[in-house]
Amino acid sequence: MRIPVLSAIICLAIVDLVAGQTVDMKSSAATASLPKYRPALLGSGPDALINRIDTADLMKKGQKNAAIMFVCSVKKTGEVVWSGTYRGTPDSKLLEQELQKRLAPATNTKFIPAVYNYEPVDAIYYGTVTFAIVNEKPRLRIFANQEAAELEKESDFVGPQPFFGGESKFDGLHYPSKEDAPVQVNGVVELTFKIDENGNTLAMEAKTEEPPFLGFADTAMKDFEKAKFIPAFRAAQPVACEVTLPVYYKPKS
């Protein structure tokens, strides 16, 4: 299912990357102590996603202004385990293909891993990539959130990230049982969350379910009912937030 993104997010301002969403990988690795919380971040070294996407080649192939959202699982060592892309704007296919290529595990793209309670953890990163031609040059930006209002402002907001292990009982997504979904089809659920500044879920609700009546909403609620999050960040500080996260289900082939 492809859901249109607000067209405003591709009306890009000529600004530098959001500093709060990038970290120098070498200096980070050399840091002796870890913070209590840190979301998975892009990084700024040669293996970082922002530096792996070939903007010159995209421009050469004819990619125009476009945006695409993505999700990926980032291990505590920074490697990408799996990823998915969705909600592309019209004519974003070339950008989507390039993003999928760079997120594939074999490409060795690295993220700065998430930290919870002073320990690295496996986490899920939700991001948005925008591409534009500005003054006849390619312009790429990657945001660590998927909130329309934040993307329109090009803010430094980093959305909350569910993580695995430790205090979090989140263990991934589970396709509905055959009793609930006798027809094996793709499903998507939008879950709305209220999450405090420590990553605790205060409220959760299924906003949309497509297709309906096949158990996807109930399954998504169950998958996330015991999850804890790396809290959202704004101005490099953890904050409470209200967000909507898409949850995609595909039957096993």
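Nothing fancy with the numbering, it's 1 onward along the sequence.
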What's the verdict on side-chain hydrogen bond (donor to acceptor under 3.5 Å, both in side chains) for N198 and Y116, showing C-alpha distance, side-chain angles and the deciding distance? CA-CA 9 Å; N198 294 308; Y116 186 86; over 6 Å; no
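- Looking only at side-chain heavy atoms (C-beta outward), E154 and F143 come within less than 4.5 Å of each other.
- In this structure, a donor-acceptor pair under 3.5 Å is absent between the side chains of Q237 and Y37.
- Taking OG from S168 and NZ from K226, the interatomic distance works out to 11.0 Å, rounded to the nearest 0.5 Å.
- Taken from SG in C72 to CG in L49, the straight-line distance is 7.5 Å, to the nearest 0.5 Å.
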Test side chain to side chain contact (heavy atoms under 4.5 Å, CB included) applied to L34 and E119, step by step
CA-CA 7 Å; L34 294 173; E119 296 288 340; 5.8 Å; no
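- The distance from the CE atom of M69 to the CG atom of L99 is 12.5 Å, given to the nearest 0.5 Å.
- Taking 4.5 Å as the limit, every side-chain heavy atom of N65 sits out of range of all side-chain heavy atoms of F131.
- F170 and F224 have their aromatic ring centers within a separation under 6.0 angstrom.
- Counting only N and O atoms by type, the side chains of N186 and Y175 include no donor and acceptor under 3.5 Å apart.
- No side-chain heavy atom of E242 sits less than 4.5 Å from a side-chain heavy atom of T192.
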Margin query: Between D223 and Y249, is the side chain to side chain contact (heavy atoms under 4.5 Å, CB included) condition met? List the steps.
Written below: CA-CA 11 Å; D223 282 342; Y249 290 95; 2.7 Å; yes
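- I53 is listed as a side-chain neighbour of E98, based on a closest heavy-atom distance under 4.5 Å.
- Residue S92 comes nearest to T89 through the heavy atom pair OG-O, 2.7 Å, listed as atom of the first residue, atom of the second, then distance.
- D47 places no side-chain N or O within 3.5 Å of a backbone atom of T109 that could act as its donor or acceptor partner.
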Checking V80 against W82 for the side chain to side chain contact (heavy atoms under 4.5 Å, CB included) test, could you report, in this order, the C-alpha distance in whole Å, the side-chain angles of both residues, the deciding distance, and whether it holds? CA-CA 6 Å; V80 175; W82 56 261; over 6 Å; no
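- The shortest heavy-atom contact between V71 and I124 is CG2-CG2, 3.3 Å.
- If you check the side chains of E190 and T244, you find no donor sitting under 3.5 Å from an acceptor.
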> Does the pair E150 and R234 meet the rule for a salt bridge (charged side-chain N to carboxylate O under 4.0 Å, His left out), with working shown?
Replying inline: CA-CA 11 Å; E150 301 292 345; R234 193 183 298 278; 2.9 Å; yes
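- Atom CZ in R102 sits 12.5 Å away from atom CD1 in I50 (nearest 0.5 Å).
- Within a 6.0 Å radius of CG in N117, more than 12 heavy atoms belonging to other residues, nucleotides or ligands are found.
- Put simply, the side chain of P120 does not reach to within 4.5 Å of the side chain of K75, judged on heavy atoms.
- Around NZ of K137, the count of heavy atoms belonging to other residues, nucleotides or ligands within 6.0 Å does not exceed 12.
- At a threshold of 4.5 Å between side-chain heavy atoms, the hydrophobic network of Ile, Leu, Val, Met, Phe, Trp and Tyr places V185 and V188 in one connected group.
- In this structure, CD on E225 lies 6.5 Å from CE on M204, to the nearest 0.5 angstrom.
- Salt bridge absent: D218 and K222 never bring a charged side-chain N and a carboxylate O closer than 4.0 Å.
- Considering only heavy atoms from C-beta on, F70 stays 4.5 Å or farther from Y86 through its side chain.
- Proximity of a side-chain donor or acceptor of R38 to a complementary backbone N or O of P113 within less than 3.5 Å is detected.
- No side-chain heavy atom of D122 sits under 4.5 Å from any side-chain heavy atom of V74.
- The nearest pair of heavy atoms linking P105 to V81 is CG-O, 3.6 Å.
- Between I195 and N200, the closest side-chain pair of non-hydrogen atoms is not below 4.5 Å.
- In the model, T128 has no side-chain atom that pairs as donor or acceptor with a side-chain atom of Q146 under 3.5 Å.
- Listed here is the closest heavy atom pair of T130 and A67: CG2-CB, 4.0 Å.
- Between E96 and K93 a salt bridge is recorded (basic side-chain N to carboxylate O distance below 4.0 Å).
- Side-chain rings of F229 and F163 stay apart, their centers remaining 6.0 Å or farther from each other.
- Taking every heavy atom of both residues into account, F164 and S73 meet most closely at CE1-OG, 4.2 Å.
- With rounding to the nearest 0.5 Å, the separation of CD in E79 from CG in N108 is 7.5 Å.
- Smallest separation of non-hydrogen atoms from A217 and E209: N-OE2, 3.0 Å.
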* Asked: Please walk me through it: do V121 and K76 pass side chain to side chain contact (heavy atoms under 4.5 Å, CB included)?
  -> CA-CA 5 Å; V121 293; K76 64 182 68 176; 5.6 Å; no
